[in-house]
Amino acid sequence: MRRSKIMRKIKITFIHYELVFGGAEQALFDLVNLLDKEKFDVSVFVQQPGGVWDQKFMDAGIHVVYDSSCRQPTWNPVKKLGNFQKKLQVKKALRQGGAGLLDICCPGSDIVVDNSAWCYPEIGFAKGAKTVKYIHCDPATDPGWRELVLNEQERLKRYDRIVCVSKMVETSFLKLSGRTEGVETHYNPIDSQEVKRKSLETVNLPEDEPLVCAVGRLCKQKSFERLLVIHRHLLDEGIRHRLVIVGDGPDREFLARLCTTLGIEESVILAGYQSNPYPYMKAARFVASSSLAEGLPVIAMESLSLGIPIIAPIPSVAEVFGDETCGLITENNMESLEAGIRKMLTDEEFYRQAKAGAERRSAFFDGKRMVKEVEDMFLDLVGKE
């Protein structure tokens, strides 16, 4: 009897700085979970342990690795010596910008995917491995990513592929980097079935007024203070609604104080970190983004997968609208964003169109279809069909 040939799985190591609550982390979580485990053996190497989502990844069965993971506690004197040698090797690798670190901690990787901005600039390269660099933010509008692209052009040339998360990001990257080959766009795949399932959970939210929902890490880039000021302005105009912000981060105390200063404590809900934000989104009239810069907000795709319209000052969001009216794209300033939110709350005919468009567009966000594009790229990198 002829034996079927057993194909070795492709070993992929994703590198991420810290597993905190955020869009890039959710995108990584969904991508790793959606990848075909019959074809790919996946690990996530985390540069900064102790993030609030470390356990979330591990609970999902994702192999999370830190530089200390390659040194296991033991009483065996031979293994102790090996641990000591690895510790010295890790320290040396870190002194050299991360060069060789993955060869120690994740040996034998076929593909290394650098999923976040560099902490150690050489960490994304391993012996014999193909290399991929994800660009999650628009370098034309985000100063940190712009500096990275402009100052690290020689290093960027060493990656076999550059993956941009939207066409807008790809256009900006090509213009700034001058690179002409090996650059492609793949929208972050989302586990839309899981998003829909989780959105059915019950949350205690007031139903007496229209609800506007915002989700994300409470940090400067997300600029949630703009939503609070706009909320105050619209209330002063007699446009009744509530605002719920789901998330946590360094700006939480500042936003809470601003709510007090503006006198909107009764109409704003700072829901804090929620492991499941989707019921909040599902309960909303629409989802609002106020980010100063993004590549393509994962929250936009999650919102549309639920059939919930979105308003955002990020042009790339329009890419996932397709031919539908799924909400509004505004200019990235307070006045335009305020006008857009006012329209979404008061123009019933437009809102009905946006709601119907979002519901029709929800079918586009098929996680299996979206992840197949990424899988095909990985297979092409290692020369497998």
Side-chain angles (χ1 to χ4, degrees), residues 7-16 19 22-45 53 56-64 109-116 124 129-137 159-170 182-199 277-278 294-307 316-317 319-322 361-385:
M7 299 297 292
R8 182 179 71 84
K9 292 182 183 180
I10 298 169
K11 186 173 182 180
I12 304 179
T13 300
F14 288 85
I15 305 169
H16 202 77
L19 298 179
E25 290 73 27
Q26 183 63 55
L28 175 61
F29 182 82
D30 285 342
L31 173 56
V32 171
N33 275 320
L34 288 167
L35 283 171
D36 187 343
K37 301 308 184 294
E38 296 296 316
K39 296 178 181 176
F40 304 100
D41 177 11
V42 180
S43 298
V44 176
F45 184 87
W53 271 11
K56 171 179 176 172
F57 275 65
M58 290 185 279
D59 287 346
I62 297 171
H63 185 216
V64 177
S109 299
D110 297 300
I111 301 172
V112 174
V113 182
D114 188 344
N115 193 60
S116 59
K130 298 294 184 179
T131 54
V132 179
K133 173 68 181 173
Y134 263 75
I135 308 295
H136 282 283
C137 209
Y159 288 92
D160 295 295
R161 298 287 172 87
I162 301 290
V163 175
C164 301
V165 299
S166 71
K167 289 292 184 183
M168 181 185 73
V169 170
E170 180 179 346
V183 182
E184 49 198 81
T185 291
H186 295 293
Y187 297 137
N188 286 315
I190 65 170
D191 193 341
S192 54
Q193 293 304 312
E194 184 71 357
V195 170
K196 292 173 183 176
R197 185 188 68 78
K198 286 187 169 184
S199 74
Y278 306 120
E294 294 271 7
L296 176 58
V298 172
I299 201 69
M301 295 188 288
E302 292 173 335
S303 179
L304 294 182
S305 76
L306 292 172
S316 63
V317 172
E319 295 180 26
V320 292
F321 282 10
R361 190 58 172 165
S362 65
F364 173 79
F365 301 96
D366 180 341
K368 291 182 179 179
R369 177 192 62 77
M370 298 174 81
V371 80
K372 189 177 185 307
E373 294 181 7
V374 182
E375 290 179 344
D376 288 345
M377 176 190 69
F378 290 149
L379 293 170
D380 181 62
L381 268 176
V382 295
K384 291 188 177 183
E385 296 182 355

Rounded distance [0.5 Å steps], CG in Leu19 versus NZ in Lys56: 10.0 Å
Straight-line distance of Asp30 CG to Asp191 CG, nearest 0.5 Å: 5.5 Å
Straight-line distance of Leu34 CG to Gln193 CD, nearest 0.5 Å: 10.5 Å
Working for side chain to side chain contact (heavy atoms under 4.5 Å, CB included), residues Met377 and Val132: CA-CA 10 Å; Met377 176 190 69; Val132 179; 4.3 Å; yes
Spatial distance of atom OG (Ser362) from atom CG (Leu306) [nearest 0.5 Å]: 8.5 Å
Atom of Leu296, atom of Ser166 and distance for their closest heavy-atom approach: CB-CB, 3.9 Å
Minimal non-hydrogen separation, Val42 against Leu35, with atom names: CG2-CD1, 3.9 Å
Asp41 bridged to Lys11 by N-O distance under 4.0 Å: no
Over-ring placement of Arg369 relative to Phe364, 6.0 Å and 45° cut-offs: yes
Minimum-distance pair of heavy atoms, taken over all atoms of Ser305 and Val195: OG-CG1, 3.7 Å
Stepwise side chain to side chain contact (heavy atoms under 4.5 Å, CB included) check, Val113 with Phe378: CA-CA 10 Å; Val113 182; Phe378 290 149; 3.9 Å; yes
Nearest atoms (heavy-atom pairs only) where Gln26 meets Val298: CG-CG1, 4.3 Å
Side-chain (Arg161) to main-chain (Glu184) donor-acceptor, under 3.5 angstrom: no
Side-chain donor or acceptor of Glu319 paired with backbone N/O of Met168 under 3.5 Å: yes
Exam field: side chain Lys198 to backbone Lys196, donor-acceptor pair closer than 3.5 Å: no
Residues forming a side chain to side chain contact (heavy atoms under 4.5 Å, CB included) with Thr185, sequence neighbours excluded: Cys164, Lys167, Glu170, Tyr187
Ser199 side chain to Tyr278 backbone, donor-acceptor under 3.5 Å: no
With sequence neighbours excluded, residues passing side chain to side chain contact (heavy atoms under 4.5 Å, CB included) with Asp36: Glu38, Lys39, Phe40, Glu375
Exercise: identify the closest heavy-atom pair between Pro297 and Val317: CD-CG2, 3.7 Å
Backbone of Phe365 reached by a side-chain donor or acceptor of Ser192 within 3.5 Å: yes
Side chain Thr13, main chain Ser43, donor-acceptor under 3.5 Å: no
Validation row: Asp114, Thr131 side chains within 4.5 angstrom (heavy atoms): no
Val371 versus Lys368, closest heavy-atom pair with distance: CG1-O, 3.4 Å
Listed partners of Glu25 passing side chain to side chain contact (heavy atoms under 4.5 Å, CB included), at least two apart: His16, Val20, Trp53
Point-to-point distance, once rounded to the nearest 0.5 Å, from CD1 of Ile10 to CG of Leu381: 9.0 Å
Side-chain heavy-atom pair Ile299, Glu302 within 4.5 angstrom cut-off: yes
Worked check of side chain to side chain contact (heavy atoms under 4.5 Å, CB included) between Asn188 and Tyr134: CA-CA 10 Å; Asn188 286 315; Tyr134 263 75; 4.0 Å; yes
